[in-house]
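Notes follow the structure.
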Protein chains: 2
Amino acid sequence: MANKKASVTLVDVAREAGVSVMTASRALSGEGYASEETRSKVQAAAKQLGYAPNALARMMKGGKTNVIGIVVNDLSSQVVNAFVTALSVEVRKVEMDMFIYSTMGTLGEGRGAAVSQMLHGLWDGLIYVLPCMTDDFLKSLENASSPVLLLNYFRHETPLPVVRGDNYNGAQDAVSHLIELGHRRIAFVGGTAFTGQSDLRERGYLAALADAGIAADPSLIYQGNFQELSGLEAGRHLLALEQPPTAIFAASDTMALGCMNAIRERGLAIPQDISVVGFDDIPAASLAQPPLTTLRHPFQAMAQAAVQELLRRIRSEPGRRQRVEFPSEFVIRESTGPAPRTAAATPRKRAAARKADSA
Amino acid sequence: MANKKASVTLVDVAREAGVSVMTASRALSGEGYASEETRSKVQAAAKQLGYAPNALARMMKGGKTNVIGIVVNDLSSQVVNAFVTALSVEVRKVEMDMFIYSTMGTLGEGRGAAVSQMLHGLWDGLIYVLPCMTDDFLKSLENASSPVLLLNYFRHETPLPVVRGDNYNGAQDAVSHLIELGHRRIAFVGGTAFTGQSDLRERGYLAALADAGIAADPSLIYQGNFQELSGLEAGRHLLALEQPPTAIFAASDTMALGCMNAIRERGLAIPQDISVVGFDDIPAASLAQPPLTTLRHPFQAMAQAAVQELLRRIRSEPGRRQRVEFPSEFVIRESTGPAPRTAAATPRKRAAARKADSA
DNA sequence: CTGAAAGCGCTAACAT
DNA sequence: ATGTTAGCGCTTTCAG
């Protein structure tokens, strides 16, 4: 019986099988020559002893670990989730393994920064998903010893390779669509500034308004934080305005869903009274009632580009690209419709009664 | 300037600083004696060369990696997410690191099974979160060389340490509550059988009915798969019944939210026409309209118990426990209310028109 | 306080 | 087809 405590090594297996360590290694790995007889003898010994090769030792010898590290700030984000899932598929395709390291919102602080440093050697390359980091940290990454790639990074210019989605044009498309539907009072619900994505979406929104000759109304811009709760609050705030919007463009689906709750709460109908557009096309978007019109990131294509580019760098292959940008696809579902006849959605009785709580 | 390609090792640092490798090691790690002068000299050299210690080598020498591996089947599950987040906090408390390995639903197949074997040595211990695995795989885990703990495992008896929540009693509490509110036709929406959790929740449901002397109606039991979409389908199916239920108890919040969409779709009100109870208390539960009555797992306490127990095993400390079970807490929000006066929720016109599509 | 030697578990490269 | 040697980058042990 195998001794569970003291881990059994190749030496043990070799001794048990009565061969040299090297022979045991070959018999088990399948590399190099080994007679059928020896091979089965060794395999039997390994099985009997409960041998598991030490990945650490193997990696150290080879210099390559065959592992890609994925660093995320926040596992609970559905967008992050979609990226990680897509990455997992791509990593498997190239026959590597993948670990996820979650900094739980501490990236840039001591612990988060440490990932690329402290655990250096454990992976052949690192992909930062939706990173939000300080300038200092970005700089330190640029000198990292193993290849690093940023997935959906926007905040600063950097020589590091970046794969990202388009935010500006997508936002512009969405808002133009609302304008074509006759909307004039279109609100924007932004997310946190830290990743730089919300900002681009806001600029696309403003550009679309400007193109149509509509003056932007600052009171229709609400600063949220990408979370559903902030979407709920945004919705409540906007609907309580003297002149509420007839359409809301939220910088994330999560916030858009929050807005929808606020709208329902007020007894208004989507899209008859008010239209809603999100961004990201998370799974919940198509399941919402009504299904949410939104902008879809090509998650799988982006993940593939990220893995391939990182691989090129790991292998020092030619043909690298410093930045790849993917357009987002506008998906029209049922949460958007023509602007209501009255210039602005008329708050109904219930709503009117609450006017007092408008800020 | 550091050469980015050829990774710089301690030998390089030592040479640069004009000391022995050992001295460099001591100066950087802080362990053992080192004069202030040497220390700063070495640190300067390390910084200048962009030195990062190779975690692999360090781990190999010490035998301990200070890393706990977390294995999950499905990262997109909100319950898994809640556990992982809680685990992350606890792991940090004991000053270890944590990697997440997602099998993407392939646990038990080649790839998934490989985790504990192939990457053996990379972690000091492994926590399987909400594992669903074959008997064979479970057996192989029992002979694993490093400690393994199962978080929320129910399917088979096993000598492996298990930390889990209570499902049976929680379900019973929830259904008893509905009965007290006057409900008699209470539906159950189950999840996949694979983890064994749904089964326990169903048994709790049946027990509560039996206690109240209510005969279980098989037509009120719908088999879902824990996903929101299956909840939506469950809701549509149940509401289309000749005698629809006045309350639905879903085996997960996710499915409960799907049911709520189906109910709204049919023009019914929650909880006036129909009550809904979920299970898990995922973040979205409290944000729903109306906020969902549900059963909360004590995620943090469970995570703490899991990490502590695993640590005891890693360190071969005494006082181990084979199984720890945590009761779930019944959280009453606004999705449950008294049963409507009419024995069953009367389908309104729209609903009646659709009767044809009842299975 | 600092250095030299040994070795963690494995495999590439060279023998035999 | 199998065995021997060496060494990955680091730290533990023992000597200066």
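Chain naming here is simple, since letters A, B, ... match the order of the sequence lines and numbering starts at 1 in each. Predicted model, so just to flag it, every value in this text is computed and none were measured.
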Walking DNA chain C from its 5' end, the first of B:Ala34 and A:Thr9 to be reached, judged by nearest nucleotide, is B:Ala34
Taken to the nearest whole Å, CG/A:Leu28 to P/C:dG9 is 16 Å
Here the distance between atom P of C:dT11 and atom CG of B:Leu56, to the nearest Å, is 13 Å
From NE2 of A:His120 across to C1' of D:dC8 the rounded distance in Å is 12 Å
- [ ] Say whether B:Thr23 and B:Ser20, considering side chains only, have a donor N or O and an acceptor N or O under 3.5 Å apart.
- [x] yes
(message) So does B:Thr158 get a backbone contact from the side chain of B:Gln322, meaning a donor-acceptor N/O pair under 3.5 Å?
(response) yes
- Do B:Glu16 and B:Lys47 meet the salt-bridge criterion of a basic N to acidic O distance under 4.0 Å? no
B:Met60 CE to C:dA6 P, in whole Å, measures 17 Å
B:Asn54 atom CG is separated from D:dC8 atom C1', nearest whole Å, by 9 Å
### Task
Give A:Ser29 one of three labels, base, sugar-phosphate or nothing, depending on what nucleic acid heavy atoms sit under 4.0 Å from its own.
nothing
For nucleotides 3-6 of chain D, give me every protein contact, N/O to N/O, under 3.5 Å, one pair per line with atom names.
from  : atom 1 : to      : atom 2 : distance (Å)
D:dG3 : OP2    : A:Ser20 : N      : 2.9
D:dG3 : OP2    : A:Ser20 : OG     : 3.1
D:dG3 : OP2    : A:Thr23 : OG1    : 2.4
D:dG3 : N7     : A:Arg26 : NH2    : 2.7
D:dG3 : O6     : A:Arg26 : NH1    : 3.2
D:dG3 : O6     : A:Arg26 : NH2    : 3.2

ring-ring contact (aromatic ring centres under 6.0 Å, His included) pairs touching residues 51-92 of chain A, sequence neighbours excluded, are A:Phe83-A:Phe299
For C:dT11 and A:Ser25 - does any side-chain N or O of the residue sit under 4.0 Å from the phosphate oxygens OP1/OP2?
yes
> Taking only side-chain nitrogens and oxygens of A:Ser35, does any of them come within less than 4.0 Å of OP1 or OP2 of D:dT2?
Replying inline: yes
Rounded to whole Å, NZ of A:Lys64 lies from C1' of C:dT11 at a distance of 17 Å
Against the side chain of A:Tyr51, the closest entry in C:dT2, D:dA1, C:dC10 is C:dC10
When rounded to whole Å, the CG to P distance for the pair B:Asp124 and C:dC8 reads 18 Å
Subject >> Backbone of A:Ala27 reached by a side-chain donor or acceptor of A:Arg39 within 3.5 Å >> reply: yes
*asked:* Does this structure show an ion pair linking A:Arg323 with A:Glu309, if we count only N-O contacts that are shorter than 4.0 Å?
replied: no
Is the shortest side-chain N to carboxylate O distance from B:Arg15 to B:Asp12 below 4.0 Å?
yes
Regarding the side chain of A:Pro53, the nearest nucleotide among D:dC10, C:dG9, C:dC10 is C:dC10
Considering only heavy side-chain atoms of A:Ala57, the closest of C:dT2, D:dC10, C:dG9 is C:dG9
If you compare every side-chain N and O of B:Arg58 against the phosphate oxygens of D:dT11 (OP1, OP2), does one of them come in below 4.0 Å? yes
Taken to the nearest whole Å, OH/A:Tyr33 to C1'/C:dA13 is 14 Å
